[in-house]
Amino acid sequence: MSATPDPSVAGPETGTMLVKRGLAEMLAGGVIMDVVDPDQARIAEDAGAVAVMALERVPADIRRDGGVARMSDPEMIEGIKAAVTIPVMAKARIGHFVEAQILEALGVDYVDESEVLTPADEAHHIDKWAFTVPFVCGATNLGEALRRISEGAAMIRSKGEAGTGNIVEAVRHLRSILGDIRKLTQADSAEVFEWAKRLQAPLPLVQEVAATGKLPVPMFCAGGIATPADAGLVMQLGAEAVFVGSGIFKSDDPAARAKAIVEATTHFGDPTILAKVSRGLGDAMPGLEIGGLDTKLADRGW
Amino acid sequence: MKVGVLALQGAVDAHLRALGRCGADAVAVKTAEALDGVDALVLPGGESTTMSMLLDRFELRAPLAERLADGMAAFGTCAGMILLAAEVLDGRADQRSFGVLDVAVRRNAFGRQVDSFEADLAVAGLDGPFHGVFIRAPVVERVGRDVEVLASVGAAPVLCRQGRVLASAFHPELSGDDRLHELFCRLAER
């Protein structure tokens, strides 16, 4: 039996910002894992993932293979949806609103308008207000985060540099966003106008952040998390949850590493537990130096 | 009164803030030691599968079951309701719950995220409607004799009480209305 909202009850309303943001709040303190098939999805769920991101290739492989990276095959997304009970997210190209429409029609729980895929539009992001499904978008700084929120994103993730296993860019982006929020809360009412101009972000959102000291939507961290210590680092810096892409299934022992990263994300502030869960995981994914990259995925998006 | 919020994963902060506004000393509970120190516990929304696994991995299941069996007041919202229920439908085969609320709960009964919704609810004992936020919400399909249904959507119970255990399929911590947290604090003080 499937229950349906009763039309006699006042105002059953789907696709509201509260409902979109609400799912992000439910994922807080958790780990969202990239998976490419139902088997990996089951390993992720067994390890305690709060959601999976269905995609055809993890970022490390996209980086290695080159070419145009697009939305995944619907059949593959449906296979993953059938394999797990936790929410399933999927990626659409930046600006590719038809890929997003298809993902919404497939019933995915969150759309990631992602720089990991090849952008479809060099000036415009998707108008996310036009959708019932919620969106997460990447950001490298506060202005970018607020522009995405103004377009309707219900969750922000700091971008980091996907597929590198190198945490340095994630730390840079988190520090940039959270550091600017801290400074903005010190600005007087006249200075807030100048902040809005400099951030190239809508004034009302800038004023809201200045007043509340936080983004109006949850902020998670992505891009380069490869170890339990990495998860602990970004959580202590202020991320509310973590996305792990290549870091799990490009490591020696994905199931053990996935579990350890989940446990580290819960107990991010307890070094004794972090030490315990970090033991005996085998090799992490091989990492890449940012200086040696041909393409910086984080530069995609405007 | 010290009220804990189970903080293995999920919407912990919103509950802590709501409880604080109700005058409770609200603390996050991640360990058995922290659980020892609280008088009542909120089990928040989040992913019930994840929370259930972490209860085992961090050896919280047995101490929490013991506290609940001793009659500690508990408020489960969404995933928390699933954790408190006697029976879980459409869950993972290995998913276990505490069984202190004699109901059968079906996970994700309203559908996927695109079906998540907000609606005003008539709640027994409250003046005026309560705005319910339902996120991939469960519904109650069987209600035991000792369970009181306080609100429903259509025919489906979404807010239930059994003794000092309160459970909602929706998220009172997201709607900015603290009346259910106040109700829970009164239950816990008894």
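Per chain, numbering begins at 1; letters A, B, ... match sequence-line order. Heavy atoms only: backbone and side chains are in, while hydrogens, waters and symmetry mates are out.
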If only atom types and distance count, is the side chain of B/Q9 paired as donor or acceptor with the main-chain N or O of A/A49 below 3.5 Å?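 No: the side chain of B/Q9 does not pair with the backbone of A/A49.
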Looking at A/D109, is its backbone amide N or carbonyl O close enough to the side chain of B/R112 to form a donor-acceptor pair, meaning the two atoms are under 3.5 Å apart?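 Checked: no pair found.
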Do other residues, nucleotides or ligands put more than 12 heavy atoms under 6.0 Å from A/E75 CD?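 No, because the 6.0 Å sphere around CD of A/E75 holds 12 heavy atoms or fewer from other groups.
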Mark yes when over 12 heavy atoms from residues, nucleotides or ligands other than A/F97 sit less than 6.0 Å from its CZ; otherwise mark no.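 Result for CZ/A/F97: open.
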Please state whether the side chain, the backbone, both or neither of [X] comes within less than 4.5 Å of a heavy atom of chain B.
X	value
A/D46	both
A/V88	both
A/E240	neither

B/T31 side chain near A/H267 side chain, heavy-atom distance below 4.5 Å: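 SC-SC contact between B/T31 and A/H267 confirmed.
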Flag side-chain contact, heavy atom, 4.5 Å: A/K259 against B/M53: no
Taking all non-hydrogen atoms of both residues into account, name the closest pair between [X] and [Y] and its distance.
X	Y	result
B/A119	A/P12	CB-CA, 3.8 Å
A/T14	B/V114	CB-O, 3.8 Å
B/Q113	A/V19	NE2-O, 3.1 Å

Separation of B/L54 CG from A/T266 OG1 (nearest 0.5 Å): 4.5 Å
Rounded at 0.5 Å granularity, tell me how far CG in B/L8 sits from OG1 in A/T265.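 One gets 12.5 Å once the value is rounded to the nearest 0.5 Å.
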Would you sort out whether A/T16 and B/F117 count as a side chain to side chain contact (heavy atoms under 4.5 Å, CB included), showing the intermediate values? CA-CA 7 Å; A/T16 63; B/F117 64 98; over 6 Å; no
Pick from [options]: which one has the most heavy-atom pairs with chain B under 4.5 Å?
options	result
A/G48, A/P218, A/P134, A/G29	A/G48
A/P87, A/G107, A/G30, A/A51	A/P87
A/E25, A/E263, A/R21	A/E263

Highest number of heavy-atom pairs under 4.5 Å with chain A: which of B/N108, B/V133, B/L174? B/L174
As an exercise: rank B/G91, B/S116, B/A11, B/G132 by heavy-atom pairs under 4.5 Å with chain A and give me the winner.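 Highest number of heavy-atom pairs under 4.5 Å: B/S116.
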Under 4.5 Å from any heavy atom of chain A - which part of B/A79: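 Neither part.
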Only one of B/E47, B/R107, B/Q95, B/R92 passes side-chain hydrogen bond (donor to acceptor under 3.5 Å, both in side chains) with A/T85; say which it is. B/R107
